[in-house]
Amino acid sequence: MGTKMKAAVIAAPRGARVENVVRPEPGPGQLRVKLEGCGVCGSNLPTWEGREWFKYPMAPGAPGHEGWGVVESLGSGVRGYKVGDRVAFLSGKAFAEYDVVGADSAVVLPPSLAGKPFPGEPLGCAMNIFRRSDIQPGQTVAIIGIGFLGALLTRLATNAGARVLAITRRPWALELAAKYGAAECIPMDDHQRIIHRVKELTGGNFCERVIEVVGEQWPLDLAGELTRERGKLIVAGYHQDGPRQVNMWLWNWRGLDVINAHERDPKVYLEGIRMAVEQVASGKLDPAPLYTHRYGLDGLNQAFEAMKQRPDGFLKALVTF
């Protein structure tokens, strides 16, 4: 096989390129995985676009963290895996032909998922947001922002017996939300009109749960307005472009529980991935229609550009090998 591999290197802002680099060797307690693919995450857009605090060139494979593939080699002391196992895993260098990960950072995929893409980290993220949301049968749940995560959460909440009100900007995303189980699909175009419509749909009580999945100021403001007294407002959007202001008067008055659903503990991430494996393998959750754009390793610039521009129909890009 040789000792080299191809890896994407972000050498400068908007400047990803493919290089031949040394293939990593697994150390004690590690797996070497031959990548089948890696999802492209919106949280990495600033890395690709460039910020003054980033240093270039970045490490080969960075910042890919949504990888899956086949175990190709085992380091010493590894138990519970064998060569040929398909796994999803947590790492930060998965835009490459091979990656080395700790055996405690991978989840084995069952045979029923053979041949199917499985970007474990974002699927696990959806499961952890759902778990933190504590959605109960009969509740009304507003989901603000129907992209990859919003669509998955719509299906999960519907499966849990909740009535979902999907609120999003893009007309075709409203159709997607309906396919994933939303009872009502509301255009995200006018603040007061949305509030009036949700109030009407809930008999004036608003929603027991509101999940904000956009990561911008206005959707966060709207989320507070749509959450009923003693309801839960779940912040799932990735707010990465600066500080936010909140209407603390409203949050206080309604007695809201505000939950930041972003996890940082790798063990919690892995538990979410395991939950996602069960959901997808059982057929309860089907993410396949959400993988809308695919690129080769040499198309990473185009993948990030598509994520930035979000053309009609764009939900999730995968880099596949």
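Residue numbers count from 1 along this sequence.
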Intermediate values then yes/no, side chain to side chain donor-acceptor pair (under 3.5 Å), His191 and Asp221: CA-CA 9 Å; His191 190 80; Asp221 294 338; over 6 Å; no
CA sep, side-chain torsions, deciding dist, call: Glu208, Lys232, salt bridge (charged side-chain N to carboxylate O under 4.0 Å, His left out): CA-CA 6 Å; Glu208 287 92 346; Lys232 296 183 187 293; over 6 Å; no
Verdict with supporting geometry, Glu25 and Val100, side-chain contact (heavy atoms from CB on, under 4.5 Å): CA-CA 7 Å; Glu25 295 295 329; Val100 166; over 6 Å; no
Arg244/Glu216 under salt bridge (charged side-chain N to carboxylate O under 4.0 Å, His left out): CA gap, chis, key distance, verdict: CA-CA 8 Å; Arg244 294 289 181 256; Glu216 297 175 2; over 6 Å; no
From CA spacing to verdict: salt bridge (charged side-chain N to carboxylate O under 4.0 Å, His left out), Arg23, Glu97: CA-CA 9 Å; Arg23 189 187 66 211; Glu97 289 184 313; over 6 Å; no
Evaluation steps, salt bridge (charged side-chain N to carboxylate O under 4.0 Å, His left out), between Lys34 and Asp99: CA-CA 7 Å; Lys34 181 175 175 54; Asp99 197 1; over 6 Å; no
Leu165 vs Cys207, side-chain contact (heavy atoms from CB on, under 4.5 Å): CA-CA, chis, key distance, verdict: CA-CA 9 Å; Leu165 313 182; Cys207 304; 4.0 Å; yes
Chi angles and distances behind the side-chain contact (heavy atoms from CB on, under 4.5 Å) call for His65, Ser43: CA-CA 10 Å; His65 61 270; Ser43 69; 3.9 Å; yes
Intermediate values then yes/no, side-chain contact (heavy atoms from CB on, under 4.5 Å), Leu176 and Leu315: CA-CA 10 Å; Leu176 173 70; Leu315 287 167; 3.5 Å; yes
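Using a distance-only test at 3.5 Å, with no hydrogens or angles considered, no donor-acceptor pair links the side chain of Glu225 to the main chain of Leu222. The backbone N or O of Gly215 lies less than 3.5 Å from a partner atom in the side chain of Glu212, making a donor-acceptor pair. When atom types are taken as modelled, the side chain of Asn159 and the backbone of Lys284 share a donor-acceptor pair closer than 3.5 angstrom. Remark: the backbone N or O of Ser133 is paired with a side-chain donor or acceptor of Arg209 at under 3.5 angstrom. For the pair Tyr98 (side chain) and Glu72 (backbone), a donor-acceptor distance under 3.5 Å is absent. Proximity of a side-chain donor or acceptor of Arg193 to a complementary backbone N or O of Pro187 within less than 3.5 Å is detected. Side-chain N or O atoms of Thr154 include none that pairs as donor or acceptor with a backbone N or O of Ala182 at under 3.5 Å. Although no hydrogens or angles enter the test, the distance criterion places a donor-acceptor pair under 3.5 Å between the side chain of Arg32 and the main chain of Pro24. The backbone N or O of Glu263 sits less than 3.5 Å from a side-chain atom of Tyr269, completing a donor-acceptor pair. Judged by distance alone, with hydrogens and angles left aside, the side-chain atoms of Asn252 form no donor-acceptor pair with the main-chain N or O of Trp249 at under 3.5 Å.
Contact of the Leu123 side chain with the Ile273 side chain is not registered, since no non-hydrogen atoms from C-beta on lie closer than 4.5 Å. By the 4.5 Å heavy-atom criterion applied to side chains, Val40 and Val319 are counted as neighbours. Annotation: side chain of Glu36 is not in contact with side chain of Phe321 (no heavy-atom distance under 4.5 Å). Counting heavy atoms from C-beta outward, Ile143 and Ile167 have side chains that stay 4.5 Å or more apart. Using a 4.5 Å cut-off on side-chain heavy atoms (C-beta onward), Leu153 and Phe130 make contact. The shortest distance between side-chain heavy atoms of Thr47 and Met58 falls below 4.5 Å.
In this structure, a donor-acceptor pair under 3.5 Å is present between the side chains of Thr140 and Arg163. For the residue pair Asp134/Gln136, the side-chain donor-acceptor check at 3.5 Å is satisfied. His262 and Asn128 are not linked by any side-chain donor-acceptor pair at a separation below 3.5 angstrom, with hydrogens and angles left out of the test.
Note that CD1 of Ile211 is 12.0 Å distant from CZ of Arg132, once rounded to the nearest 0.5 Å. Note that the CG atom of Asn44 and the CZ atom of Phe304 stand 5.0 Å from one another [nearest 0.5 Å]. In this structure, CG on Leu226 lies 13.0 Å from CZ on Arg197, to the nearest 0.5 angstrom.
In this structure, Arg51 places its CZ atom where more than 12 heavy-atom neighbours from other residues, nucleotides or ligands lie under 6.0 Å away. Taking a 6.0 Å sphere around CD of Gln245, one finds it holds 12 or fewer heavy atoms contributed by other residues, nucleotides or ligands.
With respect to Glu271 and Arg274, a salt bridge is recorded, a charged nitrogen being found less than 4.0 Å from a carboxylate O.
Annotation: cation-pi pair Lys316/Tyr291 absent, no NZ/CZ under 6.0 Å from the ring centroid and within 45° of its normal. In this structure, Arg254 forms a cation-pi arrangement with Phe206, its terminal cationic atom sitting closer than 6.0 Å to the ring centre and no more than 45° off the ring axis.
Between Phe54 and Tyr56, the ring-plane angle classifies as perpendicular under the 30° and 60° cut-offs.
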